[in-house]
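One structure is given here, and the rest of the page talks about it.
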Amino acid sequence: MRARDLGLRLLGDTGPHNAITDVPGVEVGYTTLIEGDAVRTGVTAILPRGRADFDVPCTAGWFSLNGNGEMTGTALLSETGALRLPVLITNTHAVGPCHRGVIDWVGREKPEVADQWLLPVVAETWDGYLNDINGPHIQPAHAIAAIDNARPGPVAEGSVGGGTGMNCYAFKGGSGTSSRVVPYGSDSYTVGAFVQANFGSRKELTVCGVPVGGALADDNPMEDGDWKSPPGAGSVIAVIATDAPLLPGQCTALARRVPLGLARTGTTGSHFSGDIFLAFSTGNASTQTPSAFPEGEPGYDHLRHVPWNRMDDFFAAVVHAVEEAVLNALLGATTMVGRNGRRSPGLPVDRLAELVR
């Protein structure tokens with residue numbers, strides 16, 4: 001089930017898969033761990049230029065709405081405006097093994113790249129309600145497997161990859177994606193969004209402008225049971241991709257629009273939620289050698305970019321794609337029981353459809 005299957009009135013035209021992989025070259029892979037009564041977690045890998053060109057930089061930027069979370073590599077992103085290597089998303093206590101996994105994968109695939117230095121981007125949200133988050137369940141091999149599993153085309157949603165144990169608006173949440181096509185003169189570009197949705201309190205949930213959370217307030221074990229975490233605690237990671245040629249500052253501007261899409265689903269932004277967003281553009285490929293210290297003439301890089309006064313349609317695409325990605329994460333997930341018998345209910349689709357109708 002996806003949001004458009006439900007007939008929800010969503011703005012904008014999507015790409016063929018309505019996924020971040022509609023941006024040419026982008027690939028997504030998962031490792032999902034569901035074991036015994038208490039392991040509900042995983043790893044998501046996003047490859048901006050696919051496997052073959054993973055070391056070719058993209059222009060990139062990032063933004064933090066609330067810093068109660070982690071995304072590694074952001075100091076270098078701020079310094080250079082460039083992103084390379086697979087981007088991984090996992091749970092809060094598995095950032096280290098995933099970071100190591102990216103390095104091991106690069107060392108296997110292109111040892112000459114690993115011989116320089118690697119500062120991977122690894123982001124997290126907290127899945128400790130359903131998952132034994134302190135256990136050493138995720139290892140570097142799981143990160144490597146997620147990267148190896150990355151493919152273009154349709155993307156699974158809900159309780160998969162890093163989103164396996166996540167909750168959203170006190171329903172089962174997880175991984176979600178969407179895309180928008182942006183006409184630009186005689187050209188056309190795609191903006192894709194991927195979210196690991198683990199945020200929001202039940203009363204906040206809003207769908208297509210209709211505040212449905214109050215009407216769906218029953219069956220809320222996260223907020224009505226013995227769980228002591230404040231309502232709305234969790235986190236959300238969003239990754240925005242586009243093939244439009246953009247400057248690093250323009251990528252940062254895309255990342256700053258993510259909260260507007262999240263707000264359309266109702267959240268007001270909890271202090272206990274780490275909300276961190278990455279945006280990158282594949283529209284410019286570096287003309288420089290991958291070597292950090294090339295011999296001969298130093299040369300120049302050349303960046304073509306959309307003028308700033310033509311960016312509004314791309315901003316709107318981010319907002320609308322993020323909104324739909326969150327809804328797809330909710331609708332793609334089903335009820336899950338995990339650690340200590342805790343239960344996260346799936347969104348009641350029939351009731352939601354009636355409320356929105």
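Because the structure is predicted, anything quoted here is derived from the model rather than measured. Residue numbers run from 1 in the order of the sequence given.
In this structure, OG1 in Thr92 is found 7.0 Å from CG in Asp127, a value given to the nearest 0.5 Å. The distance from atom CZ of Arg257 to atom CG of Leu254, rounded to the nearest 0.5 Å, is 8.0 Å. Summarising the geometry, atom CG belonging to Leu246 is positioned 6.0 Å from atom OG1 belonging to Thr59; distances are rounded to the nearest 0.5 Å.
Applying the under-4.5 Å side-chain rule to Ile, Leu, Val, Met, Phe, Trp and Tyr, the cluster around Val319 extends to Leu260.
Taking the charged nitrogens against the carboxylate oxygens, Asp55 and Lys110 do have a contact shorter than 4.0 Å, which makes a salt bridge. Ionic pairing of Glu324 and Arg4 is present here: one or more N-O contacts between side-chain nitrogen and carboxylate oxygen are shorter than 4.0 angstrom. With respect to Glu157 and Arg2, a salt bridge is recorded, a charged nitrogen being found less than 4.0 Å from a carboxylate O. Taking the charged nitrogens against the carboxylate oxygens, Glu354 and Arg351 have no contact shorter than 4.0 Å, which rules out a salt bridge.
A donor-acceptor pair is defined here as one N or O able to donate and one able to accept, closer than 3.5 Å; no such pair exists between the side chain of Arg151 and the backbone of Gly29. In this structure a side-chain-to-backbone donor-acceptor pair under 3.5 Å is present from Asp22 to His17. When atom types are taken as modelled, the side chain of Asp53 and the backbone of Val56 share no donor-acceptor pair closer than 3.5 angstrom. Counting only distance, with no hydrogens or angles, the side chain of Glu109 and the backbone of Val106 share no donor-acceptor pair below 3.5 Å. A side-chain donor-acceptor contact under 3.5 Å links Arg49 to the backbone of Pro57. Using modelled atom types, no side-chain atom of Thr335 and backbone atom of Pro345 make a donor-acceptor pair closer than 3.5 Å.
Within a 6.0 Å sphere centred on CG of Asp219, other residues, nucleotides and ligands contribute more than 12 heavy atoms. By the neighbour-count criterion of 12 heavy atoms within 6.0 Å, atom CZ of Arg108 is densely surrounded, having more than that number from other residues, nucleotides or ligands. The number of heavy atoms from other shown groups lying within 6.0 Å of CZ (Phe315) is above 12. Heavy atoms from other residues, nucleotides or ligands lying under 6.0 Å from CG of Asp224 number more than 12. Within 6.0 Å of CG in Asp5 there are more than 12 heavy atoms belonging to other residues, nucleotides or ligands.
Thr282 places none of its side-chain heavy atoms less than 4.5 Å from the side chain of Thr242. The closest side-chain heavy-atom distance from His142 to Leu33 is below 4.5 Å. Within the 4.5 Å cutoff, side-chain heavy atoms of Asn167 are placed close to those of Lys172. Annotation: side chain of Val181 is not in contact with side chain of Thr14 (no heavy-atom distance under 4.5 Å). Counting heavy atoms from C-beta outward, Leu6 and Val349 have side chains that approach closer than 4.5 Å. Phe280 is not listed as a side-chain neighbour of Ile240, based on a closest heavy-atom distance of 4.5 Å or more. For the pair Pro97/Pro140, a side-chain contact is recorded, criterion being any heavy-atom separation below 4.5 Å from C-beta on. With contacts defined as side-chain heavy-atom distances shorter than 4.5 Å, the pair Val195/Ile237 does not qualify.
Annotation for Val95 and Thr90: closest pair N-CG2, 4.0 Å, computed over non-hydrogen atoms. The two residues Ala156 and Tyr30 make their nearest non-hydrogen contact at O-OH, 2.7 Å. Nearest heavy atom pair, residue Ala317 against residue Val182, reads CB-CG2, 3.7 Å.
Under the 3.5 Å distance criterion, with hydrogens and angles disregarded, no donor-acceptor pair is assigned to the side chains of Thr267 and Tyr169. For the 3.5 Å distance criterion, the side chains of Glu27 and Thr21 fail to qualify, holding no donor opposite an acceptor.
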Name each donor-acceptor pair under 3.5 Å that joins a side chain in residues 186-193 to protein atoms two or more places apart or in another chain, with its distance.
none

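Geometric assessment of Arg202 against the ring of Phe171 yields a positive cation-pi assignment under the 6.0 Å and 45° thresholds.
Residue pairs meeting the ring-ring contact (aromatic ring centres under 6.0 Å, His included) criterion with at least one partner in residues 39-81, sequence neighbours excluded, are Phe54-Trp105.
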